Amino acid sequence: MKAIRRFTVRTVLPEPIAPLAQLAGNLRWSWHLPTRELFSSLNPEIWAESSADPVKFLGSVTREQLQQLAADPEVVSRVEVAAADLRRYLEEPRWYQGLGAEAPKSIAYFSPEFGITEVLPQYSGGLGILAGDHLKASSDLGIPLVGVGLLYQAGYFKQSLSRDAWQQETYPVLDPDGLPLTLLREPDGSPAQISLPLPDGRELHAWIWRADVGRVPLLLLDSNVPGNDDAARLITDRLYGGGGDHRLQQELLLGMGGVKALRVHQRLTGGPAPEVFHTNEGHAGFLGIERIRELIESKGLDWDEALAAGRASTVFTTHTPVPAGIDRFQKTQIQQFFDAGLAPGVPTEKILELGSESYDGGDSAVFNMAVMGLRLAQRANGVAKLHGVVSREMFSGLWPDFDHSEVPISSVTNGVHVPTWVDPKISALAVEHFGGSVLDQPDWSKVYEISDQDVWLLRGELRAALVDDVRRRLRASWKKRGAADAELAWTDAVLDPEVLTIGFARRVPTYKRLTLMLRDPARLKALLLNEQHPIQLVIAGKSHPADDAGKKMIQDLVRFTDDPEVRHRIVFLPNYDIAMARTLFPGCDVWLNNPLRPLEACGTSGMKSAINGGLNLSVLDGWWDEMYDGENGWAIPTANNGASAEERDDIEASALYELLETQVAPKFYGSAGFAESAGAAGPSIPTESELPTHWISMIKHTLATLGPAVSAERMLADYVNGLYQPAAIAGRAAAADDFRQAREFARWRNRVLQAWPAVTVEHVDSEGVTEDPQIGDSLAIRAYLNLGGLAPADVRVEVAYGRALDSDELSETASAALGAAEDLGDGRYLFTGDVVIDRSGSFGYTVRVLPEHPALANPAELGLIVSA
Ligand SMILES: *Cc1c(COP(=O)(O)O)cnc(C)c1O
């Protein structure tokens, strides 16, 4: 029998234990172990049956059981203590509250996915988990952030395998009433709703669900509501579901609807309006259009003025150098939606220009979301130093006359939320040794005070816990693949808690090269079965449902793992998610990462491994390129650029095998070598002299140095200081006095754009260099310019100097401003200044003219430059 309708009845809790509802309703429990322990202690059996989901747990406990708990003074008092702790956490001043008046009052953070807990499966991979960690760390630091996203009815798919190892996808439908969400309501109790017009006179309505992530509210838009036609209801059906119009409508709802949802939330709760808008990847970029629409409508600005004001307070983060990862639509699609009246008062052709690939190699029919993101945000960043370099090159077409290094895209290296990702055993060890918690401002260097023996024992326990988890999951997976219990006795002996354990888990796009390890299957087999220094591998990852190449990789890998000769040393676990990740990272000794450099923008799974004492074995890509230091893991060498794809895989796979065989495995086993474990007895306790001391010192070094560097708190501090605060200041300056600066800037910009073709450097003289120049000599520069009607105050004239390469290109450049010395009439000026020669060797210089205005955050911003 099938139900025609389902709903979840919310439990009414007896008064003495009523605060359990707040504890379950605030997602802080997902990173706060004491709260989870409290729920578990109330009824361990039901807790396990509810997959450690507090809302489900409260819904599963019977009324009688609840009455019993409420009658137990000890339980009541523990509930009260926990509730008081949560209240204090939500209210007390934290890091951000010490920043002073310039800090933004509120920051809106938009993302198409949020990975907070497995209970709310609204993420597909790294981008979503990063967004979840961004909210959690903001909460811990007291940053007044509001998250904005979509509520997908099925979220991302669940993965299982067919008998022949082909990925199967299912989309279990979520019931919002059974999730840790509350529906935003108007004072009269009706659901708060936002609406957008669609083509053909249709209308899209959405309700707003609110999740509380500690102190941070997360607003999720849901189109599955009464009043929508069937097609509109399906817009938020699943994460990255269809392509084309489906995807576009999701992004319009997220961006434009998201701003409307923020306004409704603010009206109903009375908080401050966001002063900064941050778009996590281009998908939410339409938020900029909605803000321009608001400014045109309510402040009477024109397009250019509204664009200037909106840009000043917008931050755009680009997340991928893989072109397929960037959303591109047909301009005709965009036109069709905006012609339906999505943004009244905003000229559609201006919107189309924003996403135009108006550069060499661009497609003039295409609307590019990343390009729009860059044009709508005054501040943009990549997610690791190397990714900053790659992004500046990738988008250099938008700043054609500038050196790549001058393209205005900075970088903030991603981080991970430590309390979410560090294993409770490690927290407990920290508490035991240091009396403090690792959850609050940990002093990572204290790890050096822990004995080698204790470190090694802990690593052994974490590995053993993973081995248990793997056996359970593998058996379940085989049963789904159609195997009978009788065939599965072998799964109880899969993996060995004494063997060097290597993890590889992430989404399966081709560039991450899941199957690089299979390049030479015989060599991999030899490593797995090595008698003295065996390795074992735990692998997981979902392929995008439409990516058959990814599914084929999974199939190849699983077929290899099915071989009875190796299946006790290599496993593939289906349905990688946050819950699996939390045992996987702590249990693995080594975290493997072998993308095609430089396509991994940052990567965060290796960071999660590092904070659990795992050592990274990775291609020098993303975060590892800047944080590998020779003692915290290993760098897999990359082939030269000239190599073909095939050669590259051969060379890099071979380097990987070599490292595993000669460096990683011998170091792990130390002098004692590997002894087959006694089976059920658990990890054996090594004597002092058997400890792999070098390995342990690498673990301590990793924790002490990478711990603080990879934490999301470091990342958030970087965002606040480098991007949010400057954006808030710029936004306020643009808006002050009825948008005086934005209006004036728009006029100035148009004047500069018009005059620019006539700006020239006519002639440059220098004096002071003798036959035999020396360091410290000074050059007097005289530059004769025609400013084409602009005033000297409109421009920065500079001498740029540095090492001159054979091609006359300058490298290691610096610049010094020249000052206007004389008005020569007819728009011509003499600019002068000195350069001190600060280096030996070949020295060169040039003179350049750039626009200058206090509202510019970067001299390259307008894309205008004239060089001598
Ligand atoms: C951290 C994490 C990711 C991201 O992994 P990368 O190696 O950065 O791609 C994906 N999925 C889950 C479940 C994660 O925890």
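Everything quoted here is computed from the prediction, not taken from an experiment. Ligands are counted one by one from 1 in listed order, and the atoms in each one are counted from 1 as well.
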Got a sec: does the NZ of Lys667 have more than 12 other heavy atoms crowding it under 6.0 Å?
yes
Hey, does the Lys NZ or Arg CZ of Arg506 hover above the aromatic six-ring of Phe504, less than 6.0 Å from the centre and inside 45° of the axis?
yes
Compute the centroid of each ring, for Trp29 and then for Trp47, and state whether the two points are separated by less than 6.0 Å.
no
In terms of heavy-atom contacts, Ala211 and Leu181 come closest through CB-CD2, 3.6 Å
Establish, yes or no, whether the cationic atom of Lys542 lies under 6.0 Å from the six-membered ring centre of Phe157 and within 45° of the ring axis.
yes
Could you go through ligand 1 and note, for every N or O atom, any protein N or O atom closer than 3.5 angstrom, writing the atom names and distance to 0.1 Å, or 'none'?
residue: ligand 1; atom: 7 (O); partner: Arg506; partner atom: NE; Å: 3.1
residue: ligand 1; atom: 7 (O); partner: Ser605; partner atom: OG; Å: 2.4
residue: ligand 1; atom: 8 (O); partner: Thr604; partner atom: N; Å: 2.7
residue: ligand 1; atom: 8 (O); partner: Thr604; partner atom: OG1; Å: 3.4
residue: ligand 1; atom: 8 (O); partner: Ser605; partner atom: N; Å: 3.4
residue: ligand 1; atom: 9 (O); partner: Lys512; partner atom: NZ; Å: 2.6
residue: ligand 1; atom: 15 (O); partner: Lys608; partner atom: NZ; Å: 2.5

Residues which pass side-chain contact (heavy atoms from CB on, under 4.5 Å) with Ala24, listed by chain and number, not counting sequence neighbours
Phe39, Pro54, Val55, Leu58
